[in-house]
Amino acid sequence: MEDNTNEGGGHFIDQIIRSDIASGKHGGRIHTRFPPEPNGFLHIGHSKAIILNFELAAKYGGMTNLRFDDTNPAAEETRFVEGIKEDIRWLGYDWDDREYYASDYFPTLFEYAIKLIKKGKAYVDHSSPEEMSKMRGTPTKPGQESPYRQRSIEDNLELFHRMQAGEFEEGECVLRAKIDMSSPNMHMRDPVMYRILNTPHHRTGTKWKIYPTYDFAHGQSDSIEKITHSLCTLEFENHRPLYEWFIRELEIFPSRQIEFARLNINYTVMSKRKLLQLVKEKHVDGWDDPRMPTLAGMRRRGYTPQAIRNFILKLGIAKRKHIIDLSLLEHTLREDLNNIALRRMVVIDPIRVVISNFPEHHEEAMPADNNPRDPEAGKRTIQFTKELYIERADFMVDPPSKYHRLRPGGFVRLKHGFILQCEHYQQDSEGKIIEVTCKYFPESKSGSDTSGIKVKGVIHWVSAKYGVPIEIRLYDRLFNDENPLGHADRDFLEFLNPDSLKLCTNAIGEPSILEANKQDRYQFLRNGYFVQDTESTPGHLIFNRTVTLRDSWSKKQK
RNA sequence: AGACCCAUAGUGUAAUGGUAGCACUCCGGAUUUUGAUUCCGUCAGUCUAGGUUCAAAUCCUAGUGGGUCUACCA
């Protein structure tokens, strides 16, 4: 990781770590973890946690564990475990053999619970969820103690073992920590440590009848793994006293929880529940729909891991809530793509152009850089022919002022080609342009122009003879609203962008596109950055638009 | 309104008691065989009120505004 912070600088977590190292805490050892629950796919928000944990540990010579927080069998699936691992690797991080599961610790956690029971710090409660809720009180009113709170240690021990033995139904009883029912912090009002769940677990099957809650699993797992700095998002701030209470009462390794603000980006949603809803209700085409903010979706869309990493590193880490402009993400994306993308010419919405004075079977070979920013990317040769296609938007009969493209009688340069002058055009009965006839200037060949003609506009084109058909998928933001979840009176689905996907099935690309590799990134000149879709085949090429080029022209038109 | 957390240009983030800086966005200009890229420039900020101090974005107090918490989710 590039450390562009000054000595003594860095974000607040970096500073905490540095001061811990300075004071010799844990012998100067740094160990972090990324702890996803395998109940869905990772999204860009998770990448902030991933990058933070992995980069910070690496910066100080420490390690990062991958730990699946799988304490709720009802939501978790093995396919999500696999998906999450793939996404983390794609981002470029490696946890070596340190792949752990909270479920691996069920036996230890069980012993921890017994230790607390023996200390008189935990009890089995037969209250119903409704009763417990009622007795918990409110933030301003203290709760009441459960009638089961004073059971003897022996009874609690026996009851807890019977819970695990399957002698009780789901919901019949729970194990609670005995803390303080009048604490101003609701999480300290005798939180539930264990509940009975009959759903089989994706790893432990039906071995366990009882499952620890987040609060009785997360910190303990950190401690078991000797995690020094347990980084989590702000909504767990109120859990920290409980996190520390368990560690203290259990007398186990003192991991430290530190909270930071989670990532939010405008024009999208970042809640797993909402993303699941989009998938289930088929507003999108699965978790890897290129419009989704999931890493799988962004990968399919053509985002690079480098762009995502740069984006996250530019954000910084703090405790303020924020909503990042999508434009920053797009900026880092274009920045990376601009360096690596191979340039190609593709006409998305073609109109035919015939060059009247170009000899019938003549062809002219035009050399073209694959990437002007990277000489090592090499060159390709494009055949210039009598008939070709240009973009429909690049010809206008009656254009606005400062339009630099083709118009009746007007001139334009074809990129890597010749200068053209429009002679006439044909329309159908509805006024739609069918064909444009131009003459070309033989001395104006790209690279050796002696024609002396100056033109303002340069447009892309594809030979009609050699062009290959491709399908283009143009993506736009999934939502029209900056903060779809930010309206108390309206459902976020109301803000779905009806134009978030535009299918273009008539596109024509220069033939070199046939050599495309799935992982290659392209810039289709003047049309944006593209990547081959996962569904693309040699017989049916499909390209996704990752992001547009910046466009000051259409902006000006408004 | 009980506890806890947060407050710096439009957005995000630095400045750790000593010149408020950077990036993105916006706007303008130069270059350009991509209306792209590249380069240059403009606009724009410490929530409020007190206090401490030679000196406060920074420390203290109060206020204001926002957030989190009342699952047997994580």
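Within every chain, numbering begins at 1; the chains are lettered A, B, ... in the order of the sequence lines, protein sequences first and strands thereafter. Note that these values count all heavy atoms, side chains included, but never hydrogens, waters or copies made by symmetry.
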**Prompt:** Mind checking the C1' distance from B/rA14 to B/rC24? Whole angstroms is fine.
**Reply:** 15 Å
**Prompt:** With centres under 5.5 Å and planes under 30° as the test, does A/W553 stack with B/rG35?
**Reply:** yes
**Request:** Flag the pair A/D215 / A/Q220 as yes when at least one side-chain heavy-atom distance between them is below 4.5 Å, and no otherwise.
**Result:** no
**Message:** Is the distance from the ring center of A/F110 to that of A/F160 below 6.0 Å?
**Reply:** yes
**Asked** Minimum heavy-atom separation for A/N198 to A/E170, with atom names?
**Response** N-OE1, 2.7 Å
**Prompt:** B/rG29 and B/rG45: how far apart are their P atoms, nearest whole angstrom?
**Reply:** 24 Å
**Message:** Classify A/I419 by what it touches in the nucleic acid, base, sugar-phosphate, or nothing, heavy-atom distance under 4.0 Å.
**Reply:** nothing
**Message:** Can you see whether A/D69 engages A/H218 through a side-chain donor-acceptor pair at a distance of less than 3.5 angstrom?
**Reply:** yes
**Request:** With a 4.0 Å heavy-atom cut-off, tell me which residues in residues 340-348 of chain A come close to RNA chain B, sorted by residue number.
**Result:** A/R343
**Request:** State, with a plain yes or no, whether a side-chain heavy atom of A/Y211 is found less than 4.5 Å away from one of A/T204.
**Result:** yes
**Request:** Would you indicate which nucleotide in B/rA14, B/rA74, B/rC6 comes nearest to any side-chain atom of A/K319?
**Result:** B/rC6
**Prompt:** Rounding to the closest angstrom, what is the interatomic distance between B/rA7 and B/rG12 at atom C1'?
**Reply:** 14 Å
**P atoms of B/rA71 and B/rA15, separation to the nearest Å** = 38 Å
**Asked** In whole angstroms, how far is the P atom of B/rU37 from the CZ atom of A/R373?
**Response** 10 Å
**Asked** Are A/R33 and A/D222 within salt-bridge range, i.e. N to O under 4.0 Å?
**Response** yes
**Asked** Does A/I44 reach the side chain of A/I265, with side-chain heavy atoms less than 4.5 Å apart?
**Response** yes
**Prompt:** How is A/S127 classified with respect to the nucleic acid when contacts are heavy atoms under 4.0 Å: base, sugar-phosphate, or nothing?
**Reply:** base
**Asked** Can you tell me how far P of B/rA74 sits from CG of A/L242, to the nearest Å?
**Response** 13 Å
**Item:** Of A/K415, A/R526, A/R407, the residue whose pairing with A/D394 passes salt bridge (Lys or Arg N to Asp or Glu O under 4.0 Å)
**Value:** A/R526
**Item:** Rounded P spacing from B/rG10 to B/rG63 in Å
**Value:** 27 Å
**Asked** Relative to the ring of A/H201, is the ring of A/F106 parallel (under 30°), tilted (30 to 60°) or perpendicular (over 60°)?
**Response** perpendicular
**Message:** Looking at the base of B/rU34, is there any donor atom on it, or on the side chain of A/R526, that sits under 3.5 Å from an acceptor on the other one?
**Reply:** no
**Request:** Please identify each residue that fulfils side chain to side chain contact (heavy atoms under 4.5 Å, CB included) with A/A365, with sequence neighbours left out.
**Result:** A/T381, A/Q383
**Fill in**
When pairs are called at under 3.5 Å and a stem needs at least three consecutive Watson-Crick or G-U pairs, the stems of RNA chain B are B:2-7 with B:64-69, B:10-13 with B:21-24, B:27-30 with B:38-41, B:47-51 with B:59-63
**Request:** Pick the P atom in B/rC47 and in B/rG28, then give their distance to the nearest Å.
**Result:** 31 Å
**Request:** Quick one: label A/K445 by what it contacts on the DNA or RNA (base, sugar-phosphate, nothing), any heavy atom closer than 4.0 Å.
**Result:** base
**Complete:** Closest to the 5' end of RNA chain B, once A/I317 and A/G417 are matched to their nearest nucleotides, is A/I317
**Request:** With heavy atoms under 4.0 Å as the rule, sort A/G447 into base, sugar-phosphate or nothing.
**Result:** base
**Item:** Heavy-atom closest pair, residues A/A261 and A/K48
**Value:** O-NZ, 2.6 Å
**Complete:** Given protein heavy atoms under 4.0 Å, the one-letter contact record of nucleotides 22-32 of chain B, with B base, S sugar-phosphate only and - none, is simply -SSSS------
**Request:** Decide, yes or no, whether a salt bridge links A/D449 with A/R413 under the criterion of side-chain N to carboxylate O below 4.0 Å.
**Result:** yes
**Item:** Members of residues 257-274 of chain A that approach RNA chain B, where some heavy atom sits under 4.0 Å away
**Value:** none
**Integer angstrom distance from the P of B/rC59 to that of B/rC6** = 10 Å
**Item:** Between P of B/rU33 and CG of A/D394, the distance in whole Å
**Value:** 17 Å
**Prompt:** Are OP1 or OP2 of B/rA74 and a side-chain N or O of A/R195 less than 4.0 angstrom apart?
**Reply:** yes
**Request:** Could you check if a side-chain atom of A/W553 sits within less than 4.5 angstrom of a side-chain atom of A/R405, using non-hydrogen atoms only?
**Result:** yes
**Prompt:** Is the base of B/rA71 syn or anti, if syn means a glycosidic angle within 90° of 0?
**Reply:** syn
**Prompt:** What does A/T71 touch in the nucleic acid at a heavy-atom separation under 4.0 angstrom: a base, only the sugar-phosphate, or nothing?
**Reply:** sugar-phosphate
**Asked** Base, sugar-phosphate alone, or nothing: which one does A/V174 contact when heavy atoms must sit under 4.0 Å apart?
**Response** base
**Request:** Would you check if there is a donor-acceptor pair between the side chains of A/Q306 and A/T304 at a distance under 3.5 Å?
**Result:** no
**Request:** Verify the contact: side-chain N or O of A/T213 to OP1 or OP2 of B/rA71, cut-off strictly under 4.0 Å; return yes or no.
**Result:** no
**Message:** Is it the case that B/rG35 (base atoms only) and A/R405 (side chain only) share a donor and an acceptor within less than 3.5 Å, ignoring hydrogens and angles?
**Reply:** yes
**First encountered from the 5' end of RNA chain B, between A/N72 and A/A318** = A/A318
**Item:** Distance test, side-chain N/O of A/H322 to OP1/OP2 of B/rU13, below 4.0 Å
**Value:** yes
**Item:** Candidate nucleotides B/rG35, B/rA74, B/rU33, ranked by approach to the side chain of A/D449 - the nearest
**Value:** B/rU33
**Request:** Indicate, with a heavy-atom threshold strictly under 4.0 Å, whether A/Y403 touches base, sugar-phosphate, or nothing.
**Result:** base
**Request:** Measure the distance between the ring centre of A/H404 and the centre of the six-membered base ring of B/rG35, then answer whether it is under 5.5 Å with planes under 30°.
**Result:** yes
**Complete:** Tested for ring-ring contact (aromatic ring centres under 6.0 Å, His included) against A/F543, the lone hit among A/Y529, A/F524, A/F530 is A/F524
**Asked** Would the A/F41 and A/F80 ring centres measure less than 6.0 Å apart?
**Response** yes
**Exercise: identify the closest heavy-atom pair between A/T206 and A/K209** = O-NZ, 3.0 Å
**Message:** The test is salt bridge (Lys or Arg N to Asp or Glu O under 4.0 Å); show your working for A/D190 and A/R149 and say whether it passes.
**Reply:** CA-CA 9 Å; A/D190 289 12; A/R149 201 177 200 257; 2.7 Å; yes
**Request:** Assess the pair A/F68 and A/Y100: is the distance between their ring centroids shorter than 6.0 Å?
**Result:** no
**Asked** What integer distance in Å separates A/I196:CD1 from B/rC72:P?
**Response** 14 Å
**Request:** For A/I459, answer base if it contacts any base atom (sugar-phosphate contacts may also be present), sugar-phosphate if it contacts only those atoms, and nothing otherwise; contact means non-hydrogen atoms under 4.0 Å.
**Result:** nothing
**Item:** Annotated protein contacts, base or backbone, on nucleotides 60-70 of chain B with a non-hydrogen cut-off under 4.0 Å, one of B, S, - each
**Value:** -------SBSB
**Request:** Look at all strands and tell whether A/H218 reaches a base, only sugar-phosphate, or nothing, counting heavy atoms closer than 4.0 Å.
**Result:** nothing
**Message:** Please classify the nucleic acid contact of A/D551 as base, sugar-phosphate, or nothing, using heavy-atom distances under 4.0 Å.
**Reply:** sugar-phosphate
**Request:** Could you check whether A/S446 gets within reach of a base, just the sugar-phosphate, or nothing at all, counting any heavy atom under 4.0 Å?
**Result:** base
**Message:** On the nucleotide B/rA14, are OP1 or OP2 found under 4.0 Å from the side-chain N or O atoms that A/R320 carries?
**Reply:** yes
**Message:** Please tell me whether A/R151 and A/H126 have a donor and an acceptor in their side chains that are separated by less than 3.5 angstrom.
**Reply:** yes
**Request:** Could you give the distance separating B/rG41 and B/rG21 at their P atoms, to the nearest angstrom?
**Result:** 15 Å
